[in-house]
**Q** 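Sharing a structure below in structure tokens format, with a few things to ask.
In what follows, chains are A, B, ... by sequence order, proteins preceding strands, each numbered from 1.
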Protein chains: 2
Amino acid sequence: MPKMSQAAGLHRASLKKLHDLDAALELMYYGWRGMTLEADDYLTKQGLSRPHHRILYVVARQPDIAIGSLIETLGISKQALNRPLNLLLERKLLTSKRSSEQHRSKLLRLTATGQRIEQTASDHERKVMRDAFDRVGTRGAVAWMAVMEAIADNN
Amino acid sequence: MPKMSQAAGLHRASLKKLHDLDAALELMYYGWRGMTLEADDYLTKQGLSRPHHRILYVVARQPDIAIGSLIETLGISKQALNRPLNLLLERKLLTSKRSSEQHRSKLLRLTATGQRIEQTASDHERKVMRDAFDRVGTRGAVAWMAVMEAIADNN
DNA sequence: GTCTCAAGTCAACATGGTTGACATGAGGTG
DNA sequence: CACCTCATGTCAACCATGTTGACTTGAGAC
């Protein structure tokens, strides 16, 4: 785990805007950072990091997910999944067991501790979102989601 | 440069939502991906990547920036800056010269080629934003910026 | 000449990815 | 039983991006 001087010199730089949409680009960058900053701090204290959280997040929302599905959902290789997943199993934040029908697959689930950590980390992120939404009202929140959906589905 | 199978299995996974704001968390994640996807593809073809683009982006908007300021703006160590910066100098996308008053500092500027590449990469990102904003109108765009500002300034 | 300070460089390390190759373990089929 | 398939697990090599720490270089200032 890197030391993560964390937000040390990370006040949004005020750069000259060459184009209309430069502000939007920068907001996306700092928005992502802003949302994940506290969660990452918390995870670091737990000896975990973003990939671990991603695993916990997915498993929390799809209990008994097989490893292959998890790999596909996360969009990384099984080798890349291997280390963080094993750490989570060793730490008993996750359990794996063979399926009764599909004995080939291993099914993953959160333990109580894993649930707690996933929830705390995600809570940090949700809090940031909630505070932001509170400032702009429901209509603003709806508009934000519409924009983000358009961007996300940009393929 | 990693091969970047790029969006291979990266259609937004549809996970069960445990909380109200889970959708927002996922939108932030996929939004960031969506905005940077095409730019990253382009950069990869140029043998560059995100850190190089970040450098070009900042220097484009702050010509004659000193290396120390650049380090501060980017929020990384000088050692981390070193490699991508040297690549950009070797490729002549950037020039550096000593300041006339502040002979200690080196000032960075984009070359014509550097400008072209910075612009093309940023154009990809701006296009994604423009398309999204077009779909939701000015009011939606303004609301999006307000939310993102609230998130970004969340310190 | 010496001090300061920006910049440059080198080594060691951590992390999060990638491919490729191969091993293991469980079911299904001949 | 022997064999094939398929999910999983593991090993090695590699790359990119970052970190600290330690040291050098080069220019100005005193």
Side-chain angles (χ1 to χ4, degrees), chain A residues 1-10 29 33 36 40-41 43-44 46-55 59 64-90 94-108, chain B residues 1-10 29 33 36 40-41 43-44 46-55 59 64-90 94-108:
Chain A
M1 231 51 52
K3 283 290 161 49
M4 279 282 193
S5 62
Q6 218 60 53
L10 276 169
Y29 179 78
R33 302 292 240 85
T36 55
D40 284 344
D41 268 359
L43 289 164
T44 298
Q46 308 300 315
L48 303 174
S49 56
R50 195 123 293 272
H52 303 105
H53 185 203
R54 289 223 289 149
I55 295 169
V59 175
D64 286 335
I65 189 175
I67 291 188
S69 305
L70 181 57
I71 285 168
E72 211 178 304
T73 302
L74 295 176
I76 58 173
S77 64
K78 69 178 167 183
Q79 295 90 332
L81 177 62
N82 196 34
R83 218 164 339 175
L85 179 58
N86 279 334
L87 180 65
L88 296 175
L89 288 167
E90 276 166 33
L94 284 182
T95 57
S96 83
K97 62 161 188 201
R98 296 267 170 200
S99 157
S100 33
E101 319 91 34
Q102 278 290 86
H103 255 238
R104 284 176 187 176
S105 308
K106 277 193 183 173
L107 306 183
L108 301 172
Chain B
M1 229 56 45
K3 281 292 161 49
M4 278 282 190
S5 61
Q6 217 59 58
L10 275 169
Y29 180 77
R33 301 293 239 87
T36 55
D40 283 346
D41 267 1
L43 289 164
T44 298
Q46 308 300 315
L48 302 175
S49 57
R50 194 123 291 274
H52 303 106
H53 185 201
R54 290 223 290 148
I55 295 170
V59 176
D64 286 336
I65 188 175
I67 291 188
S69 305
L70 182 57
I71 285 167
E72 210 178 305
T73 303
L74 296 176
I76 59 174
S77 64
K78 68 179 168 183
Q79 295 91 331
L81 177 63
N82 195 34
R83 221 166 334 179
L85 180 59
N86 279 333
L87 181 65
L88 296 175
L89 289 168
E90 274 166 33
L94 284 182
T95 57
S96 83
K97 62 162 189 199
R98 295 267 170 200
S99 156
S100 33
E101 318 90 35
Q102 278 291 86
H103 255 236
R104 284 177 187 174
S105 307
K106 277 192 185 174
L107 307 183
L108 301 172

**Q** Which whole-number value in Å describes the distance from L85(B) CG to dA7(C) P?
**A**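 To the nearest whole Å, that distance equals 11 Å.
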**Q** N82(B) has an atom CG; how far is it from atom P of dT20(D), in whole Å?
**A**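 Checked: the CG to P distance equals 15 Å.
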**Q** Quick one: are R50(A) and D40(A) in side-chain contact, heavy atoms under 4.5 Å?
**A**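 They are in contact (side-chain heavy atoms under 4.5 Å apart), so the answer is yes.
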**Q** Hey, does T36(A) have a side-chain heavy atom less than 4.5 Å from the side chain of H53(A)?
**A**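 H53(A) vs T36(A): side chains apart.
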**Q** Rounded to whole angstrom units, what separation is found between the CG atom of L107(A) and the P atom of dA26(C)?
**A**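 Going from L107(A) (CG) to dA26(C) (P), I get 14 Å.
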**Q** How long is the line joining CG of L70(A) and P of dG9(D), in whole Å?
**A**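 Taking atom P of dG9(D) as the reference, CG of L70(A) is at 11 Å.
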**Q** Measuring only between side-chain heavy atoms, which start at C-beta, is L87(A) closer than 4.5 Å to H52(A)?
**A**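 A side-chain contact exists here, since the closest heavy-atom pair is under 4.5 Å.
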**Q** Are S77(A) and dG17(C) close enough that a side-chain N or O sits under 4.0 Å from OP1 or OP2?
**A**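 So the side-chain polar atoms of S77(A) never come under 4.0 Å of the phosphate oxygens OP1 or OP2 of dG17(C).
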**Q** For the residue pair L88(A) and L108(A), establish whether any side-chain heavy-atom pair is separated by less than 4.5 Å.
**A**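 A side-chain contact is absent here, since even the closest heavy-atom pair is not under 4.5 Å.
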**Q** Take the protein atom CZ of R83(A) and the nucleotide atom C1' of dA12(D), then report the distance between them rounded to whole Å.
**A**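 Checked: the CZ to C1' distance equals 12 Å.
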**Q** What nucleotide, of dA6(C), dA7(D), dT19(D), holds the atom closest to the side chain of I76(B)?
**A**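 Of all the options, the side chain of I76(B) is nearest to dT19(D).
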**Q** Ignoring hydrogens and angles, does a donor from either the side chain of Q79(A) or the base of dG16(C) sit under 3.5 Å from an acceptor on the other?
**A**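 In this structure, the two groups form no donor-acceptor pair.
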**Q** Starting at atom NZ of K97(A), determine the distance to atom P of dT8(D), rounded to an integer number of angstrom.
**A**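 So the NZ-P distance, K97(A) to dT8(D), works out to 15 Å.
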**Q** In the structure I gave you, are the side-chain heavy atoms of R98(A) and K106(A) within less than 4.5 Å of one another anywhere?
**A**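 Sidechains of K106(A) and R98(A): in contact.
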**Q** Of all the nucleotides listed (dA16(D), dG26(D), dG18(D)), which has the minimum atom distance to the side chain of R98(B)?
**A**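 My answer, after comparing the listed nucleotides, is dG26(D).
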**Q** Of the candidate nucleotides dT20(D), dG9(D), dT9(C), which contains the atom at the shortest distance from the side chain of K106(A)?
**A**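 Nucleotide nearest to K106(A)'s side chain: dG9(D).
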**Q** So, OP1 or OP2 of dA16(D): does either fall under 4.0 Å of a side-chain N or O from S49(B)?
**A**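 No, outside the criterion.
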**Q** Quick one: K78(B) NZ to dA11(C) C1', roughly how many Å, whole number?
**A**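 Computing the K78(B):NZ to dA11(C):C1' distance gives 14 Å.
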**Q** Atom CD1 of I67(A) and atom C1' of dC6(D): how far apart are they, to the nearest Å?
**A**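 After rounding, the reported distance stands at 14 Å.
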